[in-house]
Amino acid sequence: MRPVTALSPILARGAAPLRAHRGTDLRARSWRAEGLLRMFENVLEVGERPQDLVVYAAIGQAARDWDAAARIATALLELDVSETLILQSGLPVGTLPTHDGAPLVLSAVNNTVGNWATADRFYDRFASGQTIWGGLTAAAWQYIGRQGVLAGTYELLGAVAARHFGGRTPRYLRGRWMLTAGMGGMGSSQPISAAILGLSSLTVEADPAKIERLRAAGGLDVVADDLDAALAALHRALDAGEVIAVGLRGNAAEVFPAVVARGEAPDVVTDQTAAHDVRFGYLPAGYTLEGWEAVRDTDPQRVERDARASIARQVEAMLVLAQRGSVVFENGNNLRVQAIASLDDTTPVGGEPREDAEARILSIPGFMEAYLRPLFARGIGPFRWVVLSGDTRDLDRIDAEVSALFPQRPEIAAWIALAREHVPEQGLPARSCWLGLGERSAIAVRVNALVASGELTAPVLFSRDHLDSAAMTHPRIGTEGMRDGSDGVTDWPLLDAMVLSATGADLVAIHSGGGGYAGWMQSAGVSIVADGEAATAQRLVRSLDGDSGLGVLRHAQAGYPEAAASAAAGGETCRAPVAWFGRNEGERDA
Ligand code: NAD
């Protein structure tokens with residue numbers, strides 16, 4: 001008899017390095033459950049601290065604890081397609097009888113009534129094991145490492161380049177550089193995305209192990225221990241017309257002001273430390289990594305105060321660089337929110353009124369409002385697929401299909417070619433690609449047919465980031481500055497989860513923010529396995545078109561003409577009808 005841990009490495013409860021199951025054999029009772037189990041294993045394979053079930057974003061977890069993780073794995077192995085497994089904040093509660101067109105897994109993570117959705121209450125409940133921060137894709141088992149966000153960072157930097165530098169090709173970006181920080185799960189995508197576009201970068205990271213990991217993955221050309229050496233390497237390359245990615249060991253709160261003091265003017269400035277979490281995610285200036293952990297245990301409030309003060313220093317430096325002409329934006333990590341919160345800890349410098357200081361900080365735009373909203377309005381966002389066989393030939397085949405399927409949008413084939421060349425693999429073979437309404441279902445149905453015909457060796461799982469057209473409300477990230485003022489309205493991600501359940505996705509999740517995102521975020525996630533069955537083709541079309549169709553409706557309702565046009569046209573493929581009723585008389589923009 002096989003040992004029980006052979007059924008899933010999760011059953012070994014973190015005792016050994018975890019690798020997702022690969023191959024064409026089935027451990028669960030259906031490919032739909034098998035696919036979800038492989039994804040659960042995969043987020044731990046590619047996660048930041050699998051031994052603690054931490055996947056990314058400082059403390060974003062895949063399950064409540066190891067006992068819960070093992071019980072989830074066992075439940076997935078035994079689950080029938082006419083049952084639904086219920087997960088509550090990373091804990092398996094039980095199964096309910098449903099039907100074979102219903103989701104196999106329904107999950108809700110850390111959703112809390114408004115008045116109780118505070119960081120302090122979260123940390124208390126987290127410490128006593130009552131909840132987790134599920135990240136966006138951690139507890140929903142959709143994380144594929146930096147590959148997931150890499151396409152988004154590429155889209156973002158491309159939009160920045162098109163807006164400010166004349167175009168989004170190396171021709172316009174050669175000789176330019178970006179200052180940023182953070183080489184964690186997501187942040188490590190920054191230098192790679194920049195290099196693909198021909199933009200050089202200097203990325204600051206406090207943890208030498210993260211620097212070494214990214215260097216080994218081919219994401220850094222040079223690593224420096226001090227700013228002078230880093231700048232010298234950078235300018236040497238820029239002068240020679242080369243593109244370079246420089247990693248600098250240091251603290252962003254110290255390095256950014258030092259860059260200002262040196263009189264430098266980077267072309268682009270941003271940050272992707274885990275600043276959203278001032279207890280676990282942002283190393284305060286003057287702390288060592290070891291000292292940080294120790295003080296966090298004995299005096300967490302001090303750590304939080306010091307982190308906020310450090311973030312404020314970094315943000316002040318970013319504001320100076322903006323005055324010098326750098327393009328400065330926040331990249332989805334609540335940096336500005338934390339800098340504003342620091343105003344409560346200190347007496348204002350030079351007696352500046354609080355509102356003025358807050359307005360100055362908010363003069364830094366959020367990346368979504370400033371650059372990516374026109375794509376979201378058309379339902380175009382971070383879609384992804386994961387090859388469950390683990391066989392890269394399956395990925396090659398899907399890449400070829402996607403490249404041929406959308407001639408009307410040549411940027412899709414261009415991205416696939418770049419991704420194949422530049423994106424380092426992590427975990428099960430996967431691809432992230434920004435697709436819109438109608439495109440996602442078109443490729444999913446095609447792949448389902450290839451699974452049915454045996455041209456792909458095993459089923460393929462489709463998913464996306466929660467930061468998508470309909471799926472997220474975060475008034476400082478996805479929904480900042482909505483035209484109708486609906487920045488904080490969470491009806492949309494909740495409706496999205498209902499649409500996804502009604503249309504028969506395989507996993508539907510509703511997450512709320514934890515830690516520094518507490519009270520700031522609501523999101524919905526979806527996974528669906530193309531197992532080659534005819535009924536699955538229908539569920540793929542309904543759920544994927546429903547998901548991006550709702551995004552188009554949400555943006556049309558908010559007054560975005562691109563969305564109204566998309567609804568009228570039937571999406572990007574003209575074959576995904578969305579019936580939008582038009583705005584009510586009297587509905588106005590904010
Ligand atoms: P992570 O916890 O894996 O990594 C954070 C990194 O920042 C770590 O390597 C840490 O050592 C480093 N760091 C912390 N403080 C530092 C400091 N003062 N100076 C230099 N380095 C420091 O987090 P992640 O998964 O990379 O996510 C980073 C942030 O991006 C999070 O806030 C996350 O929520 C956000 N995010 C944004 C998007 C997006 O679409 N824009 C997507 C995913 C995540």
Side-chain angles (χ1 to χ4, degrees), residues 46-49 54-61 133-138 142-146 148-157 179-190 193 203-214 247-256 270-289 292-293 303 306-311 313-315 329-338 366-368 371-372 376 381-382 432 434 464-468 472 474 476-478 480 511 513-517 520-521 523:
V46 301
E48 294 295 294
R49 282 190 286 121
V54 168
V55 178
Y56 77 112
I59 53 168
Q61 263 176 241
W133 152 232
L136 301 179
T137 53
Q142 293 145 349
Y143 182 79
I144 52 171
R146 76 174 78 82
V149 79
L150 221 152
T153 313
Y154 167 84
E155 288 294 340
L156 168 61
L157 294 176
L179 172 67
T180 186
M183 296 182 196
M186 299 283 95
S188 56
S189 70
Q190 302 174 97
S193 309
T203 309
V204 187
E205 167 58 55
D207 183 344
K210 301 288 171 74
I211 299 181
E212 179 46 32
R213 183 181 65 175
L214 185 55
L248 170 61
R249 182 177 175 183
N251 191 310
E254 289 158 351
V255 173
F256 277 48
T270 189
D271 172 87
Q272 217 167 22
T273 59
H276 71 272
D277 194 310
V278 284
R279 191 176 290 189
F280 293 96
Y282 188 95
L283 181 75
Y287 282 52
T288 61
L289 288 170
W292 185 28
E293 272 187 39
V303 170
D306 290 347
R308 283 194 293 267
S310 293
I311 290 170
R313 273 171 66 183
Q314 189 186 341
V315 167
F329 57 87
E330 180 185 300
N331 193 1
N333 63 352
N334 257 18
L335 191 77
R336 295 164 299 162
V337 166
Q338 304 295 10
F367 73 115
M368 184 53 64
Y371 299 107
L372 295 179
F376 267 30
S432 177
W434 278 49
R464 56 156 172 73
D465 194 10
H466 293 206
L467 175 56
D468 197 25
M472 186 202 266
H474 187 316
R476 289 279 172 260
I477 303 185
E480 181 162 19
H511 289 194
Y517 284 140
W520 280 101
M521 180 188 286
S523 69

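First listed ligand is number 1; within each ligand, the first listed atom is number 1. Nothing here was measured: the structure is a model prediction, and the numbers come from that model.
Nearest protein neighbour of atom 38 (C) of ligand 1, counting heavy atoms only, is Q272 NE2, 3.5 Å. Looking only at heavy atoms of the protein, atom 7 (O) of ligand 1 is closest to T273 CA, 3.6 Å. Looking from atom 32 (O) of ligand 1 to the surrounding protein, the closest heavy atom is H276 ND1, 2.6 Å. Given atom 40 (O) of ligand 1, the protein heavy atom at minimum distance is L467 CD2, 3.4 Å. Considering only non-hydrogen protein atoms, atom 3 (O) of ligand 1 sits nearest to G185 N, 2.9 Å. The shortest contact between atom 5 (C) of ligand 1 and any protein heavy atom is with A274 N, 3.7 Å. Protein heavy atom in closest approach to atom 34 (O) of ligand 1: Y517 OH, 2.7 Å. The protein heavy atom nearest to atom 10 (C) of ligand 1 is E205 OE2, 3.4 Å.
Counting heavy atoms under 4.0 Å from ligand 1, residue I477 does not touch it at all. At a heavy-atom cutoff of 4.0 Å, ligand 1 is contacted by the side chain of V149 but not by its backbone. Under 4.0 Å from ligand 1, heavy atoms of A206 appear from its side chain as well as its backbone.
When only interatomic distances are considered, the shortest N/O to N/O separation between N251 and ligand 1 falls below 3.5 Å.
For the ligand labelled ligand 1, residue G152 lies outside the 4.0 Å heavy-atom shell. Residue-ligand proximity: F280 is placed with every non-hydrogen atom at 4.0 Å or more from ligand 1. Ligand 1 lies within reach of A57, whose nearest heavy atom is under 4.0 Å from it. At a 4.0 Å cut-off, not a single heavy atom of G60 sits close enough to ligand 1 to count as contact.
Across all their heavy atoms, Q142 and H466 have their closest contact at OE1-NE2, 3.0 Å. Taking both residues in full, the closest heavy atoms of S193 and T153 are given as OG-CB, 3.4 Å, listed atom of the first, atom of the second, then distance.
Scored by the side-chain contact (heavy atoms from CB on, under 4.5 Å) test, A206 finds L283 as partners (sequence neighbours excluded).
Within the 4.5 Å cutoff, the side chain of M186 has heavy atoms near those of the Y143 side chain.
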### Task
Would you sort out whether Q190 and T203 count as a side-chain hydrogen bond (donor to acceptor under 3.5 Å, both in side chains), showing the intermediate values?
CA-CA 8 Å; Q190 302 174 97; T203 309; 5.5 Å; no
### Task
Start with the C-alpha gap between Y282 and Q314, add the side-chain angles, then the distance that decides, and say whether side-chain contact (heavy atoms from CB on, under 4.5 Å) holds.
CA-CA 11 Å; Y282 188 95; Q314 189 186 341; 2.6 Å; yes
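In terms of modelled atom types and a separation under 3.5 Å, the side chain of Y56 and the main chain of L136 share a donor-acceptor contact. A donor-acceptor pair under 3.5 Å is absent between the side-chain atoms of Q272 and the main chain of G332, judged by distance alone.
Checking each of R476, H276, H511 against Y517 for a side chain to side chain contact (heavy atoms under 4.5 Å, CB included) leaves exactly one that passes, namely H276.
Salt-bridge check for K210 with E205: failed, with every basic side-chain N at 4.0 Å or more from each acidic carboxylate O.
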